[in-house]
Amino acid sequence: MLHMGHMLNNTIQDVLIRKARMEGKEACWVPGTDHASIATEAKVVAMLKERGIEKKDISREEFLKYAHEWKDKYGGIILDQLQKLGASCDWDRTRFTMEPSLYEAVIDTFVRLYNKGQIYRGVRMVNWDPLGKTALSDEEVIEKEIMAKLYYIQYAVSNQRSAVGESIAESQKPKADSHLTIATTRPETIMADSAICVNPNDERYQHLIGKTVLIPLLNREIPVIADEYVTMDFGTGCLKVTPAHDLNDYELGIKHKLPVIDILDDNGFLNEKAVLYVGQDRFAARRNIVKDLEESGHLVKMEEYKSIVKTSERTGAVIEPKLSLQWFLKMDEISKPALENVMNDNIKLYPSKFKNTYRSWMENVHDWCISRQLWWGQQIPAFYLQDGTVIVAKTKREALRKAQHDLLLFALTEEDLTQDPDVLDTWFSSWLWPISVFDGIQNPENEDISYYYPTNDLVTGPDILFFWVARMIIAGYEWRGELPFKNVYLTGIVRDKQGRKMSKSLGNSPDPLELIEKFGADGVRSGLLFSAPAGNDLLYDDKLIEQGRNFCNKIWNAYRFSQQLTVSSEQSSASNALAIQWFNSRINQTISEIQDHFSKFRISDALLSLYNLVWDDFCSKYLEIIKPAYEQPIDKATYDATIEIFEKLMCLLHPYMPFITEEIWQSLGTRKEGESICRTEFPKGGAVNAELLASFDAMFELVSKIREIRNAKQLSPKLALPLSIKTDNRNRYENIESIITKLANTETINYVSDKVDNALSFVVKSDEFFIILEGEIDVEAELETAQKDLDYLLGFKKSTEAKLANERFVANAKPELVEKERQKLADAEAKIKALEEMILRLKK
RNA sequence: GGUUUAAUAGCUCAGUUGGUUCAGAGCACCUGCCUUACAAGCAGGGGGUCCAAGGUUCGAAUCCUUGUUAGACCA
């Protein structure tokens with residue numbers, strides 16, 4: 001099941017791919033799924049349980065059969081949802097990480113890296129899920145903040161190094177300054193303690209360094225050591241060191257050569273090494289030891305403490321850091337090119353702020369634990385002889401041959417070889433994705449990979465920047481000596497209203513299919529994009545999608561309008577011709593805007609530009625201007641131009657809203673069989689008539705002023721108002737009189753050379769306008785608003801003049817900027833003059 | 001604790017190289033409209049100390065320093 005984060009992610013990919021396709025590029029988008037080993041295995045185990053089957057009772061082969069069944073049933077759902085969203089993938093190329101060819105690629109990779117000495121097997125500290133009984137990657141671990149208890153436990157100091165066999169009863173008696181207190185959230189692990197550690201600069205404990213203390217209840221002696229790792233002001237400043245059950249302690253243990261005492265078994269129960277509470281669950285043991293410590297007087301106090309526990313994403317169990325034998329990939333050498341080529345921008349991250357995160361990760365990279373104690377996944381191609389010798393080979397047969405040749409064990413048969421039961425981390429197949437989908441691992445010279453690799457854009461969430469993106473880059477350089485993609489677009493994380501990440505496990509994501517049902521796929525796509533700039537999280541709300549749906553609705557209504565027009569043979573009016581010119585200029589202006597946005601991966605900004613163009617300029621302005629009178633036909637030239645504009649708008653919007661644009665585009669003209677808007681050419685920009693745009697802006701300002709007066713005076717929109725214009729430049733308005741009349745519902749337009757009595761007046765640019773109204777004019781109120789305007793302009797003039805008088809501004813600022821300032825000043829001065837005249841007249 | 005990102009309208013957020021009359025959008029709110037494609041709409045309107053204090057600059061929401069607050073990553 002997909003959630004909103006996937007919806008956003010795939011919408012962005014689809015926008016990019018559709019636009020690229022329309023620009024004539026060989027746009028290839030390979031859809032596919034990974035096998036999500038731990039998640040799927042958990043689901044399959046649950047499914048089997050429902051059928052009364054336990055995993056341990058069936059063979060690996062039987063289990064895998066069930067898993068494949070499960071995948072066949074549910075794996076397609078994701079692809080189906082993507083199709084509903086309108087994702088225009090190359091569906092014939094659909095790949096799956098567990099299909100034979102990709103499986104083989106993973107095995108190949110493992111063997112080759114092993115032979116290069118990059119993969120090794122060793123005992124390390126891993127995240128252990130005691131319920132799932134497997135190691136987990138950090139990615140599969142969820143941190144939860146909880147209120148825990150911090151227990152203060154007293155350890156007695158033994159005064160001297162006790163000789164073997166000496167009675168400990170003696171030294172156990174607490175003396176005044178002969179004990180120390182540690183703070184821990186995990187008292188049940190004291191039986192695994194190897195030392196107590198204090199900060200060497202901590203004056204309180206100087207005298208204890210080098211001595212030994214006794215673990216309470218158990219009475220085992222452990223040394224007191226010093227290391228700057230210990231924070232002096234946390235707890236008591238004394239840290240119990242438990243190398244087997246804490247990563248930091250483990251590293252501290254290695255540094256100070258401390259023994260590792262692992263007291264937990266794979267299920268999270270205490271084993272014999274614990275001596276006490278053997279056979280108890282770790283949490284039961286905690287309760288019991290707290291009770292016993294309290295009774296024996298070792299528990300000094302308990303404190304509430306906000307702490308973080310790591311839990312398994314799948315099973316919910318509290319993770320146990322555990323030492324275990326696992327397979328690892330050495331990361332230090334192999335990851336170098338991946339760091340370098342992101343830092344030098346050969347691979348660009350959008351937004352670039354993630355470069356910092358990326359760098360700090362890659363500079364502190366740990367070896368990658370790639371083995372999982374599961375069945376669903378690529379089984380590790382390592383084979384063991386009875387004496388434990390490891391042979392890594394693609395198949396058992398090859399391993400046998402290797403044993404016979406290299407180890408001269410000619411009597412060996414396949415029965416003597418046991419394959420490692422573990423599988424590989426899912427990311428160990430995902431990291432090959434850009435190569436393996438084109439079969440580039442086994443067949444590095446094939447036509448597809450040579451053509452498509454390296455790819456262009458990767459779109460993904462920042463939460464898997466390291467787990468997936470970085471590793472794909474590593475794999476790219478390792479196998480092809482080249483980057484896997486040029487741009488990485490990192491989407492924001494979609495969160496719910498409470499700011500929680502939307503996820504499968506929380507179940508806080510709305511069902512995408514229901515949303516698509518309710519708001520339409522185009523509505524969901526555009527709605528999500530309206531507020532999703534790269535890299536910024538977005539708080540999901542149905543309101544966002546509503547905006548997208550409303551936009552679709554608006555477009556559809558404009559389409560309906562265009563369909564009910566009847567065409568006449570009469571000549572086009574001058575004003576319509578002008579409006580067409582104006583709007584084409586606006587389109588061209590917007591095209592260059594969105595191309596600029598796209599070049600910087602500002603997908604949302606590009607959509608917003610189009611939204612404004614379509615809603616405000618096309619629907620509210622252009623269509624209103626060319627709209628014929630009631631039940632009147634429209635002239636053919638205007639009609640044709642309007643349809644052409646409409647088609648162009650559909651093409652511009654198509655990457656964002658594939659469904660509605662296709663539907664409208666199909667019906668706006670006669671199309672050939674199989675023709676589709678997604679194969680049309682993305683509109684190219686053209687000349688922008690800046691003067692025309694400016695004069696239309698002035699006209700719209702005038703229209704707004706008249707409407708404002710109408711609203712303020714509570715006049716009906718149906719009441720036509722008489723307008724008088726006092727201007728030196730009459731032809732500025734004569735061409736557009738009919739537009740003004742239509743938009744502002746003016747009755748007559750007169751040109752005057754003097755004041756008009758008993759009229760409301762206002763100034764636009766340098767011209768004065770009058771509207772004669774019934775009844776008295778409130779001169780005081782008029783004066784007040786005019787004065788306010790004037791004050792503002794005078795202030796503006798003053799600061800602009802100051803700016804221009806400043807030699808350093810004129811010298812340092814760009815010349816076109818200075819020119820603009822001069823122009824602004826001139827405009828302001830003209831308007832000031834008109835306003836001053838108006839105020840003078842009002843005062844008379 | 002280390003690293004890092006952020007703080008702009010009631011809410012969610014844009015604001016690109018410091019320079020447009022730059023302080024914006026959507027939602028919410030207020031007023032008036034069932035106007036001929038659209039009430040999921042139309043026409044208007046109110047609303048801001050751009051977190052705080054310093055600094056750099058001819059010029060700062062934008063750059064620098066410090067502080068406050070919140071988040072993320074790592075440990």
Side-chain angles (χ1 to χ4, degrees), chain A residues 138 143 229 231 233-234 247-248 251 308 351 353-361 363-364 366 462-463 465-466 492-493 495 497 499 501 519 523 527 530-533 535-544 546-565 596-597 600 602 604-605 608 611-612 615 619-620 623-624 627-632 703-718 743-745 792-793 795-797 799-800 802-814 816-818 820-821 823-825 827-828 831:
Chain A
D138 295 344
E143 298 193 344
Y229 166 75
T231 329
D233 44 13
F234 179 80
L247 181 59
N248 298 315
E251 281 167 5
I308 301 222
K353 67 178 178 187
F354 284 110
K355 266 172 88 175
N356 273 332
T357 321
Y358 185 86
R359 189 184 57 220
S360 66
W361 266 334
E363 282 175 351
N364 301 297
H366 297 286
D463 44 346
L465 179 61
F466 183 64
I493 295 171
R495 300 176 180 280
K497 279 241 125 181
K501 189 164 141 185
F519 297 106
F530 276 128
S531 39
N536 273 36
D537 291 1
L538 94 109
L539 297 187
Y540 176 79
D541 190 328
D542 274 355
K543 279 262 156 48
L544 294 177
E546 267 177 40
Q547 194 189 348
R549 178 208 46 190
N550 293 355
F551 187 35
C552 293
N553 203 35
K554 186 74 183 174
I555 293 169
W556 188 251
N557 281 317
Y559 164 71
R560 283 178 48 212
F561 169 75
S562 76
Q563 291 312 100
Q564 49 115 72
L565 290 171
D596 180 51
H597 283 142
K600 292 163 188 159
R602 290 201 285 256
S604 298
D605 298 83
L608 210 60
Y611 179 83
N612 291 330
W615 199 304
C619 292
S620 298
L623 289 182
E624 291 302 326
K627 183 191 276 184
Y630 186 50
E631 291 193 330
Q632 292 300 302
V703 168
S704 283
K705 284 278 187 198
I706 299 172
R707 286 168 171 175
E708 200 182 322
I709 287 171
R710 191 188 293 283
N711 260 304
K713 302 290 172 199
Q714 304 272 28
L715 300 172
S716 159
K718 285 175 182 161
L743 295 184
N745 193 16
Y792 176 79
L793 280 166
F796 174 72
K797 184 184 167 206
S799 75
T800 310
K803 212 185 266 183
L804 286 168
N806 186 325
E807 277 170 36
R808 301 175 73 171
F809 171 73
V810 181
N812 296 335
K814 281 179 266 184
E816 59 266 32
L817 193 73
V818 178
K820 263 182 187 167
E821 289 294 322
Q823 188 57 48
K824 282 190 298 188
L825 183 60
D827 289 351
K831 188 162 179 178

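First the proteins, then the strands, lettered A, B, ... as listed; each starts at 1.
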Picking from rU12(B), rG44(B), rU35(B), the nucleotide nearest the side-chain atoms of Leu539(A) would be rU12(B)

Quick one: does Arg549(A)'s side chain have a donor or acceptor within less than 3.5 Å of a partner on Gly527(A)'s backbone? no

Integer angstrom distance from the P of rG45(B) to that of rC22(B): 16 Å

From the candidates rC27(B), rG44(B), rC33(B), the one with an atom nearest any side-chain atom of Asn711(A) is rG44(B)

When the C1' atoms of rA52(B) and rA60(B) are compared, how many Å lie between them, rounded to an integer? 16 Å

Base, sugar-phosphate or nothing for Trp361(A)? Non-hydrogen atoms, less than 4.0 Å. sugar-phosphate

Could you give me the CA-CA distance, side-chain angles and deciding distance for Asn745(A) and Arg710(A), then say whether side chain to side chain contact (heavy atoms under 4.5 Å, CB included) is met? CA-CA 10 Å; Asn745(A) 193 16; Arg710(A) 191 188 293 283; 3.5 Å; yes

Going 5' to 3' through nucleotides 4-11 of chain B, assign each nucleotide B (protein heavy atom under 4.0 Å from a base atom), S (under 4.0 Å only from sugar-phosphate atoms) or - (no protein heavy atom that close). SS------

Separation between the P atoms of rC64(B) and rA23(B), rounded to whole Å: 23 Å

How far does the P atom of rC29(B) sit from the matching atom of rA70(B), given to the nearest Å? 31 Å

With rounding to whole Å, what would you report as the distance between rG10(B) and rG55(B) at their C1' atoms? 34 Å

Give RNA chain B the dot-bracket treatment, 5' to 3': Watson-Crick (N1-N3 with N6-O4 or O6-N4) or G-U (N1-O2, O6-N3) under 3.5 Å, [ ] crossing, | other strand. (((((((..((((.....[....)))).(((((.......))))).....(((((..]....)))))))))))).

Using atom CZ of Arg602(A) as one end and atom P of rU16(B) as the other, report the distance to the nearest whole Å. 8 Å

For Leu715(A) and rG45(B), what is the distance between atoms CG and C1' respectively, to the nearest whole Å? 16 Å

For the pair Arg495(A) (side chain) and Tyr540(A) (backbone), establish whether a donor and an acceptor sit closer than 3.5 Å, ignoring hydrogens and angles. no

Between rC33(B) atom P and Lys713(A) atom NZ, what is the distance in whole Å? 17 Å

Please give, in whole Å, the distance from rG44(B) C1' to Lys705(A) NZ? 12 Å

Residues Asp827(A), Gln823(A); criterion side chain to side chain donor-acceptor pair (under 3.5 Å); working and verdict: CA-CA 6 Å; Asp827(A) 289 351; Gln823(A) 188 57 48; 3.2 Å; yes

Salt-bridge criterion met for Glu624(A) and Lys627(A) (N-O under 4.0 Å): yes

Candidates rA75(B), rC33(B), rU31(B) - which lies nearest the side chain of Pro717(A): rC33(B)

First locate atom CD1 of Ile555(A), then atom OH of Tyr611(A), and finally report the distance between them rounded to the nearest 0.5 Å. 10.0 Å

What one should report as the nearest heavy-atom pair of Leu539(A) and Leu544(A) is O-CD1, 3.8 Å

Nucleotide rG24(B), atom C1' - distance to CG of Asn612(A) in whole Å: 11 Å

For residues Arg560(A) and Gln563(A), determine if any side-chain heavy atom of one lies less than 4.5 Å from a side-chain heavy atom of the other. no

Scan Phe530(A) against the nucleic acid and name what it touches under 4.0 Å (heavy atoms): base, sugar-phosphate only, or nothing. nothing

Hey, can you tell me if Trp361(A) and Phe466(A) have their rings parallel, tilted or perpendicular (30° and 60° cut-offs)? tilted

Protein-nucleotide distance (Leu465(A), atom CG; rC74(B), atom P), rounded to Å: 11 Å

B/S/- along nucleotides 37-42 of chain B (protein heavy atoms under 4.0 Å) is BB-BSS

Provide the closest heavy-atom pair for Gly523(A) versus Cys552(A) in the form atom of the first, atom of the second, distance. N-SG, 3.7 Å

Side-chain atoms of Arg495(A) come closest, of rA72(B), rG44(B), rC13(B), to rA72(B)

Using a heavy-atom cut-off of under 4.0 Å over every strand shown, decide if Leu538(A) touches base, sugar-phosphate, or nothing. nothing

Between Asp596(A) and Arg602(A), is any pair of side-chain heavy atoms under 4.5 Å apart? yes

Flag, side chain of Asn557(A) to backbone of Asn553(A), donor-acceptor distance under 3.5 Å: yes

Whole-Å C1' distance, rU31(B) and rU36(B): 24 Å

Closest-nucleotide mapping onto RNA chain B: is His597(A) or Asp827(A) further toward the 5' terminus? I mean the 5' end. His597(A)

With rounding to the nearest 0.5 angstrom, report the CG to CD1 distance, Asp463(A) to Ile493(A). 4.5 Å

Measure from CG on Leu804(A) to P on rG59(B) and round the result to the nearest Å. 15 Å

What's the gap between rU62(B) and rG47(B) when it is taken at their C1' atoms, as a whole Å value? 24 Å

Of all the heavy-atom pairs spanning Phe530(A) and Gly548(A), show the shortest one and how long it is. CE1-CA, 4.0 Å

Separation of rU17(B) C1' from Asp596(A) CG (nearest whole Å): 12 Å

In whole Å, what separates the C1' atom of rG46(B) from that of rG32(B)? 15 Å

Consider the side chain of Gln547(A), meaning its heavy atoms from C-beta on, and name the nucleotide among rU35(B), rC27(B), rG26(B) that approaches it most closely. rG26(B)

